[in-house]
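The structure under discussion appears below in the form of structure tokens.
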Amino acid sequence: MKVATYNVNSINSRLPVLLRWLIETTPDVVCLQELKTPQEKFPEQALLDAGYHAIWHGQKSWNGVAILSHHDKPEEVRRGLPGDPDDTHSRYIEAMVNGIHIGCLYLPNGNPAPGPKFDYKLRWLERLTSHAAELLASRTPVVLAGDYNVIPTEQDVYKPERWLDDALFRPETREAFQTLVAQGWTDALRKIYPIETIYTFWDYFRNAYGRNAGLRIDHFLLSPELDRRLVAAGVDRDVRGWQKTSDHAPVWIELSDG
DNA sequence: ATGTCGGACACGGTCCGA
């Protein structure tokens with residue numbers, strides 16, 4: 001079973017690229033972020049025509065998350081992260097697909113830091129950590145996939161010294177992510193590629209993709225039940241070189257049958 | 001500080017967020 005995550009940076013602007021990638025790589029489950037579309041303008045029919053059922057949580061202009069399934073329709077478990085009823089951002093949706101609990105997340109960027117946006121990011125990470133603990137306690141197979149907007153270590157950024165004050169790399173951010181992982185999650189890409197340079201995002205600015213000036217910020221965290229089933233992982237980095245593409249590349253993992 | 005996208009508002013160009 002292949003599970004992918006892809007920050008599309010507007011699903012309607014990205015539809016030709018998304019459909020081409022789906023048809024070429026046929027993932028079983030896909031987590032999407034940054035839909036940038038209101039609920040009613042999600043391209044449900046185009047995805048159905050390509051063979052994918054979807055659930056999604058849209059929002060005008062910003063954010064937005066979706067889960068696609070090549071087989072049965074995802075069975076929605078929750079939308080929105082618990083812990084703050086005043087949080088209006090569409091950044092979390094969770095479903096059961098093929099007996100696996102899938103959490104699809106778009107963590108706040110948090111820049112500029114320090115400031116209220118950075119505070120929101122750290123609060124959101126705390127809420128995610130609380131919810132993740134409950135998911136682990138459920139002892140079910142869980143994937144938490146998405147754009148974390150976290151550069152976990154110096155290994156995950158082309159020039160660490162330039163990112164020290166950035167919300168994606170500040171010590172508070174890295175420590176919060178480490179606290180989450182230390183609950184018992186597996187960083188799937190890093191497990192498969194322990195020493196390699198792996199990037200999932202290249203800025204639109206300054207020919208970042210051409211210079212391979214990238215970041216690793218899209219992650220899969222696996223519960224112990226799924227850690228045992230992890231057989232492969234990768235980044236479809238060539239998609240980042242296509243015309244009219246996102247600034248993120250799709251990332252995927254392959255899981256063996258239960 | 002810079003650079004480049006995408007969306008909103010509203011139809012040309014500027015602003016915001018990333």
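The model shown is predicted, which means the values in this text are computed figures rather than measured ones.
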Output yes when D87(A) and R127(A) qualify as a salt bridge under the 4.0 Å nitrogen-oxygen rule, no when they do not. yes
Below 4.0 angstrom, N of the basic side chain to O of the carboxylate: do R240(A) and D247(A) qualify? no
Please give the distance between the P atoms of dA10(B) and dC16(B) as a whole number of Å. 15 Å
For atom CG of N111(A) and atom P of dG3(B), their distance in whole Å: 19 Å
Under 3.5 Å, is there a donor-acceptor pair linking the side chains of D218(A) and T200(A)? yes
Using the six-membered ring wherever Trp is involved, compare the ring planes of F177(A) and H219(A) and label them parallel, tilted or perpendicular (cut-offs 30° and 60°). tilted
From the set dG17(B), dC9(B), dG7(B), return the single nucleotide nearest to any side-chain atom of K60(A). dC9(B)
S61(A) has a side chain; which of dG6(B), dT4(B), dG7(B) sits nearest to it? dG7(B)
Would you state whether a donor and an acceptor, one from the side chain of R206(A) and one from the base of dT2(B), lie under 3.5 Å apart? yes
Categorize K41(A) for me: base, sugar-phosphate, or nothing, with a 4.0 angstrom heavy-atom threshold over every strand shown. nothing
From OH of Y204(A) over to C1' of dG6(B), roughly how many Å is that when rounded to an integer? 8 Å
Using atom P of each nucleotide, how far apart are dG3(B) and dT14(B) to the nearest Å? 15 Å
Using Watson-Crick geometry (N1-N3 plus N6-O4 or O6-N4) or G-U wobble (N1-O2, O6-N3), each under 3.5 Å, dT4(B) is paired with dA18(B)
Please give the distance between the P atoms of dG7(B) and dT2(B) as a whole number of Å. 25 Å
When both hydrogen-bonding distances must be under 3.5 Å and the geometry is Watson-Crick or G-U wobble, what is dG13(B) paired with, if anything? dC9(B)
Interatomic distance, N149(A) CG vs dA18(B) P [rounded to whole Å]: 8 Å
